[in-house]
Amino acid sequence: MDLVIFGKKCMQTERFNRLRKDVLSKIFEKKEIVDIWRKIVKDQLRSLDLKDLYDHYDFNYNIEERAVSIRNEILGGTYRISKPLIYRIEKKYGVCRHLVIPQPVDALVLQVLVENVAEKILVNQPSENAYYSRAKHNASFPHTVDQYGLTWRQQWKKLQKKIYKFNDEKELIVVTDLSNYYDSIDIEELRKVFTSYSKIDEVLIDLLFRVIEEISWKPDYLPYSKRGLPRRT
C-alpha cells in the first residue's frame, strides 16, 4: 500500500497493518507519552550539560498536541528521527568522547520504548544489585542534593568524598572502570540479546534500534559502524 501523508511517501505493508501497528498502538498511547515526558524526559533534558534556553518550553506547553502527533506518525509509518546535537568532551590526552543530545521528540520516543521493554529485560539480570541507570536502582542516593542548579560533576565530587570515608571502616577500597565500555558495544550483538528475550515484540526492537542508529555519530560520511551506544552524559 503506497501512501502519501503530509508530503511524505510511506510504504505500509500488510504485515505492518495486521501485526505491528497494533503493538505500537498499545505502547504509544497519548496519556503514556505525556506522563513519560513530564515525569522523566523533561528533567533528563534539563540536567544535560548543554541546556535549552527556555527548557523546551514550547514542547512542554504543547505536550498534549505533540503526543497526538507522535502517535499519529508512529502508527502512520511516517516517523523520522531528527538530527541530534552532538558535542565533544575531552577525556584525557586530547582524546574526546562524542556525546549526543537527541531532539525532544526522539528522546521521548526512545524513553517510551525503554519504559516498555525495561521490565522484560530486568527479569533477566544476573543480580538485583545491578542497575542500568542513575535514576533507577535500589541503592541509596549519596549523590543527590537539594540545591537546585548543582551540576553532575559537582555532585560527583561530593560523592567521592563520601566514598573515601569508607577507608575508616574497610581495609581496602577498589575503584575501577570499564575502559570505553559504551563505545565498544556491538550493536548487532546487543540486538541479538534483545531478541533472545522472546517477550519483547519484534517491532519494538526494530524501532528502538532504528532510533539508536539514527542518533549515533557517523563521521566523515562513513557508513554506520554498528558499534558503540550513543551517550548523553
Side-chain angles (χ1 to χ4, degrees), residues 1-46 48 52 54-86 100-121 187-188 190-195 197-218 221 223-224 226 229-230 232:
M1 182 180 296
D2 195 348
L3 300 178
V4 176
I5 302 178
F6 300 116
K8 299 178 180 178
K9 189 173 182 180
C10 164
M11 295 296 292
Q12 285 192 353
T13 63
E14 192 63 25
R15 176 169 172 259
F16 178 85
N17 288 320
R18 285 181 175 272
L19 301 174
R20 296 159 73 86
K21 189 174 183 178
D22 184 58
V23 174
L24 294 171
S25 179
K26 294 176 181 177
I27 303 303
F28 286 91
E29 294 182 344
K30 176 184 173 182
K31 183 179 184 302
E32 182 72 6
I33 296 172
V34 172
D35 287 346
I36 290 177
W37 166 260
R38 288 175 173 166
K39 295 177 181 178
I40 302 175
V41 181
K42 182 176 69 172
D43 289 336
Q44 286 179 341
L45 294 178
R46 290 181 66 182
L48 297 177
D52 178 79
Y54 299 107
D55 279 337
H56 301 288
Y57 177 77
D58 56 336
F59 192 93
N60 183 59
Y61 183 80
N62 297 296
I63 185 58
E64 301 277 346
E65 292 79 5
R66 295 282 187 146
V68 173
S69 177
I70 290 172
R71 175 179 170 84
N72 290 339
E73 288 188 10
I74 293 287
L75 300 186
T78 62
Y79 169 66
R80 299 292 182 270
I81 293 87
S82 302
K83 183 179 179 180
L85 173 63
I86 298 178
V100 175
I101 300 180
Q103 297 298 324
V105 171
D106 303 321
L108 183 51
V109 169
L110 185 60
Q111 195 65 44
V112 170
L113 292 168
V114 168
E115 293 300 310
N116 182 262
V117 304
E119 184 176 348
K120 303 178 182 66
I121 294 175
I187 300 300
E188 290 188 339
L190 180 61
R191 185 186 176 103
K192 290 177 183 177
V193 173
F194 270 71
T195 305
Y197 301 152
S198 58
K199 293 183 179 179
I200 302 179
D201 195 279
E202 180 188 40
V203 68
L204 300 183
I205 298 177
D206 287 342
L207 183 53
L208 176 63
F209 281 86
R210 171 64 65 84
V211 176
I212 290 174
E213 175 180 349
E214 291 298 322
I215 67 174
S216 296
W217 180 55
K218 305 177 187 69
Y221 300 113
Y224 180 47
K226 298 185 179 181
L229 279 179
R232 289 192 290 183

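Residues take their numbers from the sequence shown, with the count starting at 1.
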**Report entry** Heavy-atom closest pair, residues Lys120 and Ile200
**Finding:** CD-CG1, 3.7 Å

Query raised in the report: More than 12 non-hydrogen atoms from neighbouring residues, nucleotides or ligands closer than 6.0 Å to NZ on Lys39, yes or no?
Result: no

Query raised in the report: So, Arg210 and Asp206, do they make that salt bridge, N to O below 4.0 Å?
Result: no

**Report entry** Tyr61 OH: over 12 foreign heavy atoms closer than 6.0 Å
**Finding:** no

Query raised in the report: So which heavy atom on Val23 is nearest to which on Leu19, and how close?
Result: CG2-O, 3.7 Å

Query raised in the report: Got a second to check how far Leu207's CG is from Leu110's CG, nearest 0.5 Å?
Result: 9.0 Å

**Report entry** Over all atoms of both residues, closest heavy-atom pair of Ile74 and Phe16
**Finding:** O-CZ, 3.8 Å

**Report entry** side chain to side chain donor-acceptor pair (under 3.5 Å) involving Glu64 - partner list, sequence neighbours excluded
**Finding:** Lys30

Query raised in the report: How many angstroms lie between atom CD1 of Ile101 and atom CG of Leu48, to the nearest 0.5 angstrom?
Result: 5.0 Å

Report task. Flag the pair Tyr79 / Ile70 as yes when at least one side-chain heavy-atom distance between them is below 4.5 Å, and no otherwise. Result -> no

Report task. Ignoring hydrogens and angles, tell me if any N or O in the side chain of Arg71 forms a donor-acceptor pair with the backbone of Ser25 under 3.5 Å. Result -> yes

Requested in this report: For the residue pair His56 and Trp37, categorise the inter-ring angle as parallel (less than 30°), tilted (30 to 60°) or perpendicular (more than 60°).
Outcome: perpendicular

Requested in this report: Could you tell me which non-hydrogen atom of Ala67 sits nearest to which non-hydrogen atom of Val34, and how far apart they are?
Outcome: CB-CG2, 3.7 Å

Query - Partner residues of Lys226 under the side chain to side chain donor-acceptor pair (under 3.5 Å) criterion, sequence neighbours left out - result: Glu188

**Report entry** Taking every non-hydrogen atom, the tightest pair across Pro102 and Pro84
**Finding:** CA-CB, 4.0 Å

Requested in this report: Give a yes or no on whether the backbone of Glu213 and the side-chain of Lys218 come within a donor-acceptor separation of less than 3.5 Å.
Outcome: yes

Query raised in the report: Under 3.5 Å, side chain of Asp106 to main-chain N/O of Ile81, donor-acceptor pair present?
Result: no

Query - SB check Arg20 Glu202 (cutoff 4.0 Å) - result: yes

Query - Heavy-atom pair of closest approach, residues Val100 and Pro230 - result: CG2-CB, 3.8 Å

